[in-house]
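To start, the structure under review is shown below, and the notes come after it.
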Amino acid sequence: MIEPPVRQASRSQRLMAATRAAHDGLDARIISAEPFRDRDSYGRLLRMQYRFHRHIDDLYRMPLPLPPALDLRARRRLDHILCDLDDLGQPLPADEVRPTAQMDAATAIGWLWVAEGSNLGAASLLKRAAALGLDAAFGARHLAGHPEGRARQWKEFTAAVNGLDLDEQDDARVLEGACEAFAHVRMLADDSFA
Ligand code: HEM
């Protein structure tokens with residue numbers, strides 16, 4: 001009997017499988033901290049987001065083997081977070097050392113995969129933020145989707161990541177980068193919501 005061809009998981013599907021537990025733990029950590037209880041609590045989430053996006057901001061400007069059409073720079077969310085902090089009169093968290101300058105391209109792509117993916121869950125967070133009088137024009141700008149739609153943005157990004165022709169080492173580095181990014185955000189969440 002002829003076996004049907006085995007459809008191999010895409011790189012993005014493998015990344016998702018490898019980071020599912022980290023994501024779910026982080027999701028539970030954030031939601032259990034009730035960041036939408038009041039604006040003060042939301043400020044903690046905002047500071048966590050600021051610290052993450054400040055940490056990775058340089059990656060959006062790195063020369064990476066991704067199609068220019070992805071327009072990585074336009075995907076940066078740091079400026080939106082800065083406006084959100086300003087809207088809410090929140091102080092800027094202290095600047096931190098950013099080790100991303102020495103990061104290789106494959107690891108950087110793993111980190112960016114996490115940042116881009118986080119925009120999917122942001123849809124639900126944006127809805128919750130409405131209860132605090134916050135929206136895409138005030139206080140919750142960084143949670144807004146792209147005008148062309150979150151799903152489309154994500155699909156384009158993952159298609160590019162899936163299409164990268166990487167050797168085994170670099171493929172493993174993408175995965176390490178994604179795991180490092182989740183561990184980093186978890187540390188920031190634990191710190192912000194302590
Ligand atoms: C910094 C990294 C991330 C953070 C802080 C984060 C946070 C969250 C949170 C808090 C939720 C729950 C929202 C709710 O219950 O209202 C969520 C849901 C979700 N996240 Fe993430 N996430 C991250 C990365 C990712 C990545 C990399 C992906 C994709 C691979 C992803 C995909 C999703 C999806 C699909 C949902 C469910 C959305 C829904 O039910 O509406 N997230 N995320």
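First listed ligand is number 1; within each ligand, the first listed atom is number 1.
Around atom 21 (Fe) of ligand 1, the protein N, O or S atoms closer than 2.8 Å are His23 NE2, listed by chain and residue number.
Arg128 counts as a contact of ligand 1, since one of its heavy atoms falls under 4.0 Å from the ligand.
Taking every heavy atom of both residues into account, Asp84 and Tyr42 meet most closely at OD2-OH, 4.4 Å.
Side chain of Asp171 to backbone of Leu166: no donor-acceptor contact under 3.5 angstrom is found. With hydrogens and angles ignored, the 3.5 Å screen pairs a side-chain donor or acceptor of Arg11 with a backbone N or O of Val161. Of the possible donor and acceptor atoms, one in the side chain of Ser32 sits under 3.5 Å from a partner among the backbone N and O of Arg29.
Distance check on atom 40 (O) of ligand 1: every protein heavy atom falls at or beyond the 4.0 Å cut-off. Within a 4.0 Å radius of atom 37 (C) of ligand 1, the protein has no heavy atom.
Residues Leu164 and Leu66 have side chains in contact (heavy-atom distance under 4.5 Å, counting atoms from C-beta outward).
Within the listing of ligand 1, atoms 1 (C) sit less than 4.0 angstrom from a heavy atom of Val185. For ligand 1, the atoms sitting less than 4.0 Å from at least one non-hydrogen atom of Phe52 are 1 (C), numbered in the order shown with element in parentheses.
For Asp191, the salt bridge (Lys or Arg N to Asp or Glu O under 4.0 Å) partners two or more places apart in sequence, or in a different chain, are Arg51.
The protein atom (non-hydrogen) at minimum distance from atom 13 (C) of ligand 1 is Ser124 OG, 3.6 Å.
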